[in-house]
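Everything quoted here is computed from the prediction, not taken from an experiment.
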Amino acid sequence: MAVGPCTIALQERRVQLVESWSQNVTHLQELLYQVGALTEEDLSLVRGGGRLGVRDSMRNLLDVLHGRGEEACRAFFHVLQSQRANKESESMVAAIPPEGSGPSSSGSGPTNMQEHLTKHKDILGRQHSPVDYLSIRTIRCSSSESSDESCSFTDITLSRCVGYTVPLQYHQHEVAMVGDAFRSQDQVCTFQDVCQSLLSVPAEDVSLLSGVAGSGKTTVVRRLVHEWAKDSGSQKIVLSLSFRELNLLSEPQSLQELLLVHYSHLKPVLPWVIDSQPGRILLILDGLDEFRFPLEFERSPKCSDPERKLGMGEMVVNLIKGHLLPGISILVTSRPHAVSKVPPLLVTQLYSILGFSKDQQRHYFEQSCNSPLVASAVWGYVSSYQPLQLMCRIPAFCWIVSTALCDRAPCCLSQVTTTTLPNTARTTPAGSSDSSASNNRAEEATPTPSTFSSTVPRVMLMSGHVKPITITEIYCCFLKSILVFHGEGHSQEGCSPQCLQEAPRVLREMQPTLRNLGALAFKGLLERRFLFDQADLSSFSLDCSGLSKTFLVEILREDRASLTCQRSFHFIHTSVQEFLAALYYVLQALSGSDPFSGLKSAVGVALFPVALHKVLTSTANKLLRPRRLLRRYVKKAFSWGGHHQSGHMDLFCRFVSGLLVPQTRVILDGLFRGRSQILPSPSSSLSLPSSPPPPTPPFLLSLLHSQLQYGRLSPERQVNVCHCLYEAQDPGLAQRLQGWLQVLAQKQVPDQSGPAKRDWSELAFLLQLIPDLQDLNLEAQGLDAEGLRRLLPVLPLFSTLRLGQNPLGPEGAVVLACAMQSPDCRVERLWVVGTGLGCKGLKVLTEGLKDNHTVVDLRMAINHIGDVGAGCLADLLRTNHTLKDIRLRDNQITDKGAELLLEALTENTTLEYLWMFDNKLSKEGVRKLKEFARGTSHLDIKVCI
């Protein structure tokens with residue numbers, strides 16, 4: 001079919017035709033039907049059964065006319081010309097080309113387009129400028145960088161992969177994923193890589209940005225918009241909406257109306273951009289995990305008309321599927337558990353926020369602390385405790401630590417007596433040339449039980465003040481700092497003894513408010529809610545109008561940028577919500593009140609009238625001994641947390657454990673004073689410098705140990721119980737570490753019928769407390785693949801892994817391959833002698849070693865790899881240029897396998913030793929190996945008949 005000028009003009013002017021004539025589409029259809037340009041079948045197709053909006057109908061009409069050819073298009077333009085008297089559209093009439101003429105050039109958009117876009121950049125740039133959490137501390141820049149606001153953003157580590165697979169069910173708290181995040185096998189990238197990819201033109205795709213709470217998703221968005229606003233040459237037009245804002249829109253609304261209300265300054269140009277240049281738009285949708293409307297990708301009706309009103313869920317579905325605004329780029333941010341709401345086939349690439357690396361953590365503290373000396377002291381403290389440093393990979397937690405310690409930390413900490421803590425000597429890595437000698441050296445360097453016999457005082461952070469050692473103590477210091485130094489009427493300048501003298505009074509006065517806030521936090525935690533409205537606050541006697549004048553403004557942030565004027569509130573970080581929930585729970589439990597009944601009274605769903613409920617509760621409490629009552633409530637908290645396999649109650653349980661320790665509650669002296677008749681008052685016990693602190697309640701340790709021995713406890717919950725014991729400052733922790741160190745020193749073989757068989761998770765946790773240990777020796781300890789999997793978080797952190805004589809099998813090889821591919825991998829010596837890998841396991845392990853740049857010594861005798869395994873090693877030697885020593889004694893390798901190895905060694909110039917004793921080699925095979933070694937100056941092949 002010949003393409004005439006009217007057909008070409010119809011396509012060129014398509015956007016303008018839809019914009020100018022959509023409201024008249026019904027009348028145009030009737031006129032075209034009357035002149036014979038359309039049939040009844042065409043009319044039915046254009047109308048779409050009455051379900052389409054006018055713009056969609058207009059687009060269908062243009063499609064039908066284009067399909068019917070030049071005569072139909074000419075008739076269409078004549079109809080438009082006849083309607084000139086009814087609709088003044090000089091520009092559209094001018095679009096009718098004279099017969100035989102070519103298509104005319106299209107317009108370039110509104111004349112003041114650049115002016116509007118410049119204003120848009122200026123507005124978004126100011127809205128997304130760098131800010132610290134709560135803005136309670138000014139972010140420092142060096143004088144040389146003071147003019148560049150980007151210096152306020154600390155770089156963050158991300159990973160990128162093309163598409164994504166549906167994630168497995170999450171069975172652990174998000175903070176437990178942080179350590180594993182850096183062990184991702186995806187491509188590590190920088191913020192600049194993400195920025196260049198998302199702001200490139202054209203780029204028609206859907207990208208996901210995933211990260212745990214507080215990892216910096218919103219900060220990445222702020223920085224992305226900030227960088228775009230500074231780039232005068234960028235062709236992208238960035239539009240940003242948060243799912244929190246969309247949650248407030250319960251009535252259907254059109255996408256165009258939504259964007260025009262949110263970006264009213266773009267009203268003159270945005271419709272033209274949407275129709276003519278959608279490829280320039282980057283739409284950011286922030287916080288998918290908080291979206292309250294369902295995303296039904298299979299059942300949501302298709303809609304391509306941006307003027308048609310839709311529910312928020314349907315609008316988001318049509319945007320992601322590309323029906324609404326086809327050609328735009330979309331970035332969706334979400335926490336990991338909600339990523340699967342978007343079908344994998346619709347996702348072009350997934351970015352994962354890994355958090356702060358060690359260098360980035362140090363840089364953050366240098367920026368946030370008020371002097372280099374304080375920053376150095378805080379960083380030395382954080383880096384000395386592995387559990388704390390792992391959590392500091394979450395940027396929000398770094399802010400909590402700096403708030404608690406950087407500015408006024410010394411003043412917030414009470415003088416605490418010494419505590420028994422593990423202390424280890426650094427282990428000298430064993431050599432690789434002489435096995436017996438290296439064993440002797442390793443035994444001499446391995447920490448012994450006597451290493452932990454002394455009582456070690458808590459390290460001084462500042463002169464005269466003691467630093468905390470548990471996460472709970474950090475959050476107590478954070479809370480005290482907010483109350484004492486950032487609350488209403490308190491100056492943010494300086495730290496004086498007078499402030500500390502007033503601290504107990506301030507805490508005492510704020511106790512009712514903290515209790516109500518904690519009750520709100522606890523209720524939200526039980527319901528997995530992180531967003532609250534004014535009705536929620538009112539139900540807990542929290543005055544919304546006073547949020548800006550009290551400490552609550554430091555913890556709660558009001559959504560002031562909502563599309564409507566409604567208010568909603570959320571905690572600045574989920575861990576703060578969990579801490580306040582635990583604080584409420586412990587306050588209630590120590591006073592003999594049921595924390596759950598307190599929630600029922602607050603929301604008005606008690607089974608009895610309030611007065612009768614109080615009488616019954618008081619009578620029941622009198623019939624039970626106070627300690628029994630406290631034990632019941634604490635057991636109930638752990639039971640409730642254990643029932644939630646998602647792990648979202650894990651951190652709450654840790655905080656409850658820590659707050660039950662009198663020594664920890666000293667930090668919040670005044671808040672707990674007089675609250676408990678069950679446990680001794682910590683302040684009274686610590687009034688004399690010589691008085692030892694009250695011990696951890698025995699029932700708490702007994703309860704946690706019984707959970708640890710519970711046979712049906714999952715590995716993730718078992719590790720969390722270890723965290724709870726750490727927060728509870730279990731005095732037996734060091735003793736159990738001594739027992740494990742005896743195992744590591746090969747001085748004790750664990751009883752296979754006892755708990756040690758399934759306590760590998762505990763060992764993984766305990767090993768985090770001794771970061772100086774370099775040699776992990778678990779030879780002949782009955783370690784299987786499942787046990788090795790539980791040790792995976794710490795495996796890459798050792799320079800030597802001695803795992804020989806354990807039944808690892810091919811499944812264990814999968815775990816080892818993951819450890820070898822970790823970005824944090826420091827393993828230099830991997831010894832897996834007699835572990836039953838076989839050729840199948842070796843194939844998996846060599847795949848993991850292809851990209852490894854740390855392992856120099858691989859010992860894998862007696863694994864029956866055969867010639868197939870030798871071929872896998874040969875493939876490895878062609879790409880790996882790090883290995884220097886490989887020992888393959890007694891592996892059933894024949895002359896065929898030896899030939900494969902020799903072929904690979906002609907390309908490898910870094911291997912120095914190859915041990916081939918006790919294999920099935922012929923005399924001829926041995927001769928070839930020796931001749932090859934003599935002709936190669938850098939390689940020594942150990943072999944005999």
Side-chain angles (χ1 to χ4, degrees), residues 179-180 183 386-387 390 422-432 435 438-449 451-452 715 719 722 736-750 756-808 812-822 824-835 837 845 848-849 852 854-860 885 887:
D180 295 333
R183 295 171 177 84
Q386 188 74 359
L390 286 176
N423 182 25
T424 59
R426 184 175 185 87
T427 304
T428 304
S432 58
S435 178
S438 64
N439 286 339
N440 292 334
R441 286 196 299 270
E443 182 174 333
E444 292 171 0
T446 301
T448 62
T451 310
F452 301 93
V719 170
C722 297
R736 290 197 300 279
L737 185 55
Q738 290 177 13
W740 275 111
L741 286 173
Q742 287 183 336
V743 171
L744 298 179
Q746 300 291 294
K747 295 180 178 179
Q748 173 183 326
V749 179
K757 182 180 179 180
R758 50 185 173 83
D759 277 357
W760 299 107
S761 298
E762 184 184 59
L763 175 61
F765 170 76
L766 294 176
L767 286 172
Q768 293 180 349
L769 304 180
I770 47 173
D772 289 335
L773 185 64
Q774 298 295 315
D775 188 342
L776 180 60
N777 189 347
L778 295 176
E779 290 183 345
Q781 296 297 325
L783 177 64
D784 58 8
E786 174 61 21
L788 192 67
R789 183 186 67 82
R790 298 190 184 193
L791 292 173
L792 181 58
V794 296
L795 288 179
L797 307 179
F798 296 93
S799 62
T800 302
L801 291 180
R802 307 183 190 214
L803 306 175
Q805 309 303 319
N806 287 300
L808 301 181
V814 175
V815 181
L816 288 174
C818 291
M820 297 305 104
Q821 291 174 323
S822 165
D824 289 340
C825 184
R826 308 170 192 168
V827 179
E828 298 177 4
R829 289 165 288 279
L830 178 60
W831 299 353
V832 287
V833 176
T835 51
L837 298 182
L845 182 57
L849 288 170
N852 177 278
T854 63
V855 178
V856 297
D857 183 357
L858 177 62
R859 303 188 185 186
M860 48 183 312
D885 190 344
R887 306 193 180 190

Point-to-point distance, once rounded to the nearest 0.5 Å, from [atom1] of [X] to [atom2] of [Y]:
| X | Y | atom1 | atom2 | value |
| --- | --- | --- | --- | --- |
| Thr800 | Glu828 | OG1 | CD | 7.0 Å |
| Leu791 | Leu797 | CG | CG | 11.0 Å |
| Thr854 | Arg829 | OG1 | CZ | 10.5 Å |
| Thr835 | Leu783 | OG1 | CG | 10.0 Å |
| Arg859 | Leu801 | CZ | CG | 13.0 Å |

Atom of Val815, atom of Leu792 and distance for their closest heavy-atom approach
O-CD1, 3.8 Å
Do [X] and [Y] make a side-chain contact, defined as non-hydrogen atoms from C-beta onward lying under 4.5 Å apart?
| X | Y | result |
| --- | --- | --- |
| Trp831 | Asp857 | yes |
| Asp885 | Val856 | no |
| Val827 | Met820 | yes |
| Asn806 | Leu788 | no |

Hey, is the main chain of Gln774 close enough, under 3.5 Å, to the side chain of Ser799 for a donor-acceptor pair?
yes
Would the distance check show the side chain of Asn852 and the main-chain N or O of Gln821 forming a donor-acceptor pair, the cut-off being under 3.5 Å?
no
Taking side chain to side chain contact (heavy atoms under 4.5 Å, CB included) as the definition, give me every residue that meets it alongside Val814, ordered by chain and number, with sequence neighbours left out.
Val844
